[in-house]
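This is a predicted model, so every value here is computed, not measured.
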Amino acid sequence: MSKELRVLIVNRLGLHARAAARLVNLANQFKSAITVTRTDTGNSADGKSILSVIFLAAPMGTELSITASGEDEAVAVHALAKLVWDKFGEETDVY
């Protein structure tokens, strides 16, 4: 059994190198196997591999499916989805 959440990339630069590094660093804190998939192309990446995640080349507006399988799968997918929803901690809205 596995857990999946779909998220939309909302930061301006998309899943660039620094954002991918944050995703991978967070993914590596969990024991579960983690897969990140572009829903538009079906291309998948090992969520614990920086090169694999960067090669997704996901710009702003791309929908990703984050899937985790393992003992901490629910916590993992929610933590990774929150990172994406929080724009990888890079952007703050200034009004």
Side-chain angles (χ1 to χ4, degrees):
M1 190 150 167
S2 62
K3 293 289 182 188
E4 176 192 8
L5 275 177
R6 290 184 178 217
V7 293
L8 192 65
I9 300 280
V10 292
N11 60 315
R12 288 180 292 127
L13 299 176
L15 190 54
H16 61 91
R18 190 174 34 235
R22 287 187 174 149
L23 188 144
V24 168
N25 285 337
L26 181 58
N28 277 300
Q29 294 177 19
F30 298 100
K31 294 180 179 177
S32 295
I34 296 170
T35 302
V36 180
T37 304
R38 280 185 65 149
T39 60
D40 58 344
T41 64
N43 292 339
S44 293
D46 176 354
K48 296 185 178 184
S49 165
I50 186 73
L51 283 178
S52 184
V53 171
I54 286 174
F55 283 134
L56 285 176
M60 180 179 179
T62 302
E63 183 182 60
L64 300 176
S65 167
I66 300 171
T67 306
S69 179
E71 63 185 77
D72 53 3
E73 60 195 27
V75 177
V77 294
H78 283 98
L80 291 164
K82 184 176 183 324
L83 179 67
V84 176
W85 293 327
D86 291 343
K87 302 179 182 176
F88 302 95
E90 296 182 331
E91 296 178 23
T92 57
D93 294 325
V94 178
Y95 296 100

To the nearest 0.5 Å, how far apart are CG in Leu83 and CZ in Arg22? 8.0 Å

Minimum heavy-atom separation for Ser2 and Ser69, please, with both atom names. CB-CB, 3.9 Å

To the nearest 0.5 Å, what is the distance between OG (Ser65) and CD (Glu4)? 3.0 Å

Just so I know, are the side chains of Asp40 and Thr62 near enough to count as touching, which here means a heavy-atom distance under 4.5 Å? yes

Should Phe55 and Leu13 be counted in the same cluster of Ile, Leu, Val, Met, Phe, Trp and Tyr side chains packed under 4.5 Å apart? no

Would you check if there is a donor-acceptor pair between the side chains of Thr37 and Ser44 at a distance under 3.5 Å? yes

Which one of Val7, Thr67, Ile66, Ile34 satisfies the side chain to side chain contact (heavy atoms under 4.5 Å, CB included) criterion with Val77? Ile66

Okay, side chain of Lys3, backbone of Val75: is any donor-acceptor separation there less than 3.5 Å? no

What's the shortest heavy-atom distance between Ile50 and Ala17, and which atoms? CD1-O, 4.1 Å

Please say yes or no: joined through hydrophobic side-chain contacts below 4.5 Å, possibly via intermediate residues, are Ile54 and Val24 part of one cluster? yes

Show the nearest heavy-atom pair for residues Ile9 and Phe88, with the distance to one decimal. CD1-CZ, 4.0 Å

Are Ser32 and Glu73 close enough, and set up right, to give a side chain to side chain donor-acceptor pair (under 3.5 Å), and what steps lead you there? CA-CA 6 Å; Ser32 295; Glu73 60 195 27; 5.2 Å; no

Go through Glu63 and Arg38 one step at a time and tell me if the salt bridge (Lys or Arg N to Asp or Glu O under 4.0 Å) criterion holds. CA-CA 6 Å; Glu63 183 182 60; Arg38 280 185 65 149; over 6 Å; no

Atom CG of Asn28 and atom OG of Ser49: how far apart are they, to the nearest 0.5 Å? 9.0 Å

Run Val84 and Leu80 through side-chain contact (heavy atoms from CB on, under 4.5 Å) and show every step you take. CA-CA 7 Å; Val84 176; Leu80 291 164; 5.9 Å; no

Looking at Asp72 and Lys31, would you say the former's side chain and the latter's main chain have a donor-acceptor pair under 3.5 Å? yes

Give a yes or no on whether a salt bridge exists between Glu90 and Arg12, defined as a side-chain N under 4.0 angstrom from a carboxylate O. no

Do Leu8 and Val36 sit in one hydrophobic cluster, given that two such residues count as connected whenever their side-chain heavy atoms are within less than 4.5 Å of each other, even indirectly? no

The test is side-chain contact (heavy atoms from CB on, under 4.5 Å); show your working for Arg6 and Thr39 and say whether it passes. CA-CA 9 Å; Arg6 290 184 178 217; Thr39 60; 3.6 Å; yes

For Gln29 and Asn25 the tightest heavy-atom approach is CG-O, 3.4 Å

Are any non-hydrogen side-chain atoms of Met60 and Asn11 less than 4.5 angstrom apart? no

Is it possible for you to say whether Leu23 and Leu5 belong to one hydrophobic cluster, with membership spreading through side-chain heavy-atom contacts below 4.5 Å? yes

